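Each remark here refers to the structure printed beneath this line.
Nothing fancy with the numbering, it's 1 onward along the sequence. This one's a predicted model, so the numbers in the text were calculated from it and none came from an experiment.
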Amino acid sequence: MRYHRLTYRLCMQHSLNGQIENKHPHLIEIEIVARKKKEDFLEFASMDSILEQVFGSYQYQYLNEFPEFGQNTSMEHLGEVFYVMVKEALEKQHWKFARFEIRETPLRAYAIVEEEF
(Lines give C-alpha, C1' and ligand atoms only; values in the text may rest on other atoms or scores of the structure.)
Protein backbone atom coordinates (compact mmCIF):
# COMPACT_ATOMS: atom_id res chain seq x y z
CA MET A 1 0.00 0.00 0.00
CA ARG A 2 1.01 3.60 -0.53
CA TYR A 3 0.75 6.14 2.27
CA HIS A 4 1.20 9.86 2.58
CA ARG A 5 2.78 11.32 5.68
CA LEU A 6 2.34 15.05 6.15
CA THR A 7 3.43 17.26 9.04
CA TYR A 8 1.47 20.39 9.86
CA ARG A 9 2.96 23.08 12.11
CA LEU A 10 0.51 24.94 14.29
CA CYS A 11 1.54 28.08 16.16
CA MET A 12 -0.84 28.39 19.07
CA GLN A 13 -1.19 29.75 22.58
CA HIS A 14 -2.80 28.16 25.60
CA SER A 15 -2.83 28.16 29.38
CA LEU A 16 -3.21 24.96 31.31
CA ASN A 17 -5.23 26.61 34.08
CA GLY A 18 -7.49 28.61 31.74
CA GLN A 19 -6.15 31.95 32.99
CA ILE A 20 -5.39 34.24 30.06
CA GLU A 21 -2.60 35.94 32.00
CA ASN A 22 -0.81 32.56 32.05
CA LYS A 23 -1.03 31.97 28.31
CA HIS A 24 2.13 30.99 26.53
CA PRO A 25 3.00 30.06 22.94
CA HIS A 26 3.82 26.69 21.42
CA LEU A 27 4.78 25.52 17.99
CA ILE A 28 3.26 22.07 17.82
CA GLU A 29 3.69 19.59 15.03
CA ILE A 30 0.88 17.34 13.92
CA GLU A 31 1.80 14.42 11.72
CA ILE A 32 -0.87 12.61 9.75
CA VAL A 33 -0.45 9.36 7.83
CA ALA A 34 -3.21 8.37 5.42
CA ARG A 35 -3.82 6.64 2.11
CA LYS A 36 -6.34 7.03 -0.65
CA LYS A 37 -9.09 4.43 -0.42
CA LYS A 38 -8.68 3.69 -4.12
CA GLU A 39 -5.27 3.16 -5.64
CA ASP A 40 -5.59 6.40 -7.59
CA PHE A 41 -2.89 8.94 -8.22
CA LEU A 42 -1.78 10.21 -4.83
CA GLU A 43 -0.96 13.86 -4.33
CA PHE A 44 0.12 15.80 -1.28
CA ALA A 45 -1.79 18.91 -2.33
CA SER A 46 -5.12 17.18 -1.69
CA MET A 47 -4.16 16.10 1.82
CA ASP A 48 -2.47 19.43 2.55
CA SER A 49 -5.63 21.31 1.58
CA ILE A 50 -7.74 19.17 3.91
CA LEU A 51 -5.39 19.76 6.85
CA GLU A 52 -5.33 23.50 6.21
CA GLN A 53 -9.13 23.53 6.39
CA VAL A 54 -9.07 21.66 9.71
CA PHE A 55 -6.24 23.58 11.41
CA GLY A 56 -6.24 26.99 9.68
CA SER A 57 -8.65 28.69 12.07
CA TYR A 58 -6.48 27.71 15.06
CA GLN A 59 -3.25 29.16 13.67
CA TYR A 60 -1.84 31.89 16.02
CA GLN A 61 -4.88 31.64 18.31
CA TYR A 62 -5.42 31.21 22.05
CA LEU A 63 -6.96 27.73 22.08
CA ASN A 64 -8.62 28.06 25.48
CA GLU A 65 -11.19 30.34 23.84
CA PHE A 66 -12.49 27.60 21.53
CA PRO A 67 -15.45 25.66 22.98
CA GLU A 68 -14.41 22.39 21.30
CA PHE A 69 -11.53 22.05 23.78
CA GLY A 70 -13.64 22.66 26.88
CA GLN A 71 -10.80 24.63 28.54
CA ASN A 72 -8.62 21.48 28.45
CA THR A 73 -5.69 22.32 26.19
CA SER A 74 -3.31 19.57 27.29
CA MET A 75 -1.41 17.99 24.41
CA GLU A 76 -3.35 14.73 24.87
CA HIS A 77 -6.74 16.42 24.80
CA LEU A 78 -5.80 18.55 21.80
CA GLY A 79 -4.71 15.32 20.13
CA GLU A 80 -8.04 13.63 20.80
CA VAL A 81 -10.06 16.59 19.50
CA PHE A 82 -7.88 17.17 16.43
CA TYR A 83 -7.78 13.44 15.65
CA VAL A 84 -11.58 13.31 15.29
CA MET A 85 -11.60 16.45 13.13
CA VAL A 86 -8.83 15.21 10.85
CA LYS A 87 -10.27 11.71 10.50
CA GLU A 88 -13.71 13.03 9.54
CA ALA A 89 -12.27 15.54 7.05
CA LEU A 90 -10.00 12.96 5.39
CA GLU A 91 -12.71 10.32 5.13
CA LYS A 92 -15.09 12.78 3.44
CA GLN A 93 -12.46 13.10 0.70
CA HIS A 94 -11.97 9.31 0.37
CA TRP A 95 -8.77 9.05 2.39
CA LYS A 96 -8.21 6.21 4.87
CA PHE A 97 -6.76 7.52 8.13
CA ALA A 98 -3.83 5.49 9.48
CA ARG A 99 -1.95 7.47 12.13
CA PHE A 100 -2.13 10.78 14.02
CA GLU A 101 0.69 12.21 16.13
CA ILE A 102 0.88 15.53 17.95
CA ARG A 103 4.08 16.74 19.58
CA GLU A 104 5.34 19.83 21.34
CA THR A 105 8.96 18.67 21.19
CA PRO A 106 10.65 15.76 19.41
CA LEU A 107 10.72 13.97 22.77
CA ARG A 108 7.08 14.53 23.80
CA ALA A 109 4.48 13.07 21.47
CA TYR A 110 0.96 11.66 21.67
CA ALA A 111 -0.14 9.26 18.93
CA ILE A 112 -3.29 7.49 17.79
CA VAL A 113 -2.81 4.59 15.37
CA GLU A 114 -5.61 2.90 13.45
CA GLU A 115 -3.69 1.12 10.75
CA GLU A 116 -0.13 -0.19 10.78
CA PHE A 117 1.93 0.72 7.77
Side-chain angles (χ1 to χ4, degrees):
M1 280 190 211
R2 293 171 175 87
Y3 290 87
H4 278 79
R5 179 173 24 200
L6 195 131
T7 300
Y8 190 93
R9 289 195 171 114
L10 179 63
C11 298
M12 49 74 89
Q13 297 177 5
H14 78 139
S15 60
L16 291 176
N17 64 2
Q19 303 290 325
I20 196 162
E21 61 271 8
N22 294 324
K23 74 178 179 177
H24 57 277
H26 282 279
L27 171 63
I28 58 175
E29 290 187 338
I30 300 167
E31 183 177 278
I32 308 298
V33 178
R35 63 179 170 83
K36 285 296 266 183
K37 288 185 179 179
K38 295 180 182 178
E39 289 294 322
D40 296 344
F41 172 71
L42 301 170
E43 64 179 65
F44 277 105
S46 170
M47 188 177 177
D48 195 30
S49 174
I50 293 166
L51 296 182
E52 180 60 35
Q53 289 175 16
V54 172
F55 298 122
S57 62
Y58 302 106
Q59 196 66 268
Y60 305 108
Q61 300 299 311
Y62 177 57
L63 298 188
N64 293 74
E65 294 178 342
F66 288 86
E68 53 268 44
F69 302 117
Q71 288 295 318
N72 182 352
T73 56
S74 68
M75 210 51 44
E76 295 83 0
H77 187 69
L78 291 176
E80 292 291 333
V81 172
F82 285 147
Y83 153 74
V84 170
M85 295 171 150
V86 167
K87 181 177 176 175
E88 289 175 358
L90 286 172
E91 290 183 351
K92 283 181 186 175
Q93 298 299 319
H94 308 288
W95 286 84
K96 173 63 176 133
F97 175 89
R99 186 170 190 275
F100 174 96
E101 183 175 307
I102 186 170
R103 55 187 169 264
E104 58 182 322
T105 72
L107 301 176
R108 299 178 83 188
Y110 180 73
I112 299 169
V113 179
E114 286 191 5
E115 184 174 300
E116 295 294 328
F117 56 96

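- A heavy-atom distance below 4.5 Å is found between the side chains of Trp95 and Met47.
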**Study point:** Phe97 vs Glu115, side-chain contact (heavy atoms from CB on, under 4.5 Å): CA-CA, chis, key distance, verdict
**Key:** CA-CA 8 Å; Phe97 175 89; Glu115 184 174 300; over 6 Å; no
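- At a threshold of 4.5 Å between side-chain heavy atoms, the hydrophobic network of Ile, Leu, Val, Met, Phe, Trp and Tyr places Met12 and Leu16 in two separate groups.
- The shortest distance between side-chain heavy atoms of Ser15 and Tyr62 falls below 4.5 Å.
- For the residue pair Tyr3 and Ala98, the shortest heavy atom distance occurs at CE2-CB, 3.8 Å.
- Residues Ile28 and Arg9 have side chains not in contact (no heavy-atom distance under 4.5 Å, counting atoms from C-beta outward).
- If you check the side chains of Glu88 and Tyr83, you find no donor sitting under 3.5 Å from an acceptor.
- The minimum heavy-atom distance between Gly18 and Gln71, with the atom names listed, is CA-OE1, 3.4 Å.
- Residues Ile20 and Asn64 fail the side-chain proximity criterion, which asks for heavy atoms closer than 4.5 Å.
- The CG atom of Leu6 lies 5.5 Å from the CG atom of Leu51; values are rounded to the nearest 0.5 Å.
- Side-chain contact between His14 and Lys23 is absent, with no heavy atoms from C-beta onward closer than 4.5 Å.
- Listed by first and then second residue, the salt bridge (charged side-chain N to carboxylate O under 4.0 Å, His left out) pairs that reach into residues 101-114 are Glu29-Arg103, Glu31-Arg103, Lys87-Glu114, Lys96-Glu114, Arg99-Glu101, Glu101-Arg103, Glu104-Arg108, sequence neighbours excluded.
- When atom types are taken as modelled, the side chain of Asp48 and the backbone of Ile50 share no donor-acceptor pair closer than 3.5 angstrom.
- Side-chain contact between Ile102 and Ile112 is absent, with no heavy-atom pair separated by less than 4.5 Å.
- Minimum interatomic distance between Thr73 and Leu78 (heavy atoms only, all atoms of both residues): O-CD1, 3.6 Å.
- Across all non-hydrogen atoms, the minimal contact from Ile32 to Phe100 is CD1-CD1, 3.3 Å.
- With rounding to the nearest 0.5 angstrom, the CZ atom of Arg35 is 13.0 Å from the NE2 atom of His4.
- Aromatic rings from Phe55 and Phe82 are positioned such that their centres are separated by under 6.0 Å.
- Counting heavy atoms from C-beta on, the side chains of Leu10 and Leu27 never come closer than 4.5 Å.
- Contact check for Tyr110 versus Glu80: side-chain heavy atoms found under the 4.5 Å cut-off.
- Note that OG of Ser49 and CD of Gln93 are 8.0 Å apart. Values are rounded to the nearest 0.5 Å.
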Practice item. Evaluate the criterion side chain to side chain donor-acceptor pair (under 3.5 Å) for residue pair Glu52 and Tyr8; output intermediate values, then yes/no. Key: CA-CA 8 Å; Glu52 180 60 35; Tyr8 190 93; 2.9 Å; yes
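- Taken from NZ in Lys36 to CG in Leu90, the straight-line distance is 9.5 Å, to the nearest 0.5 Å.
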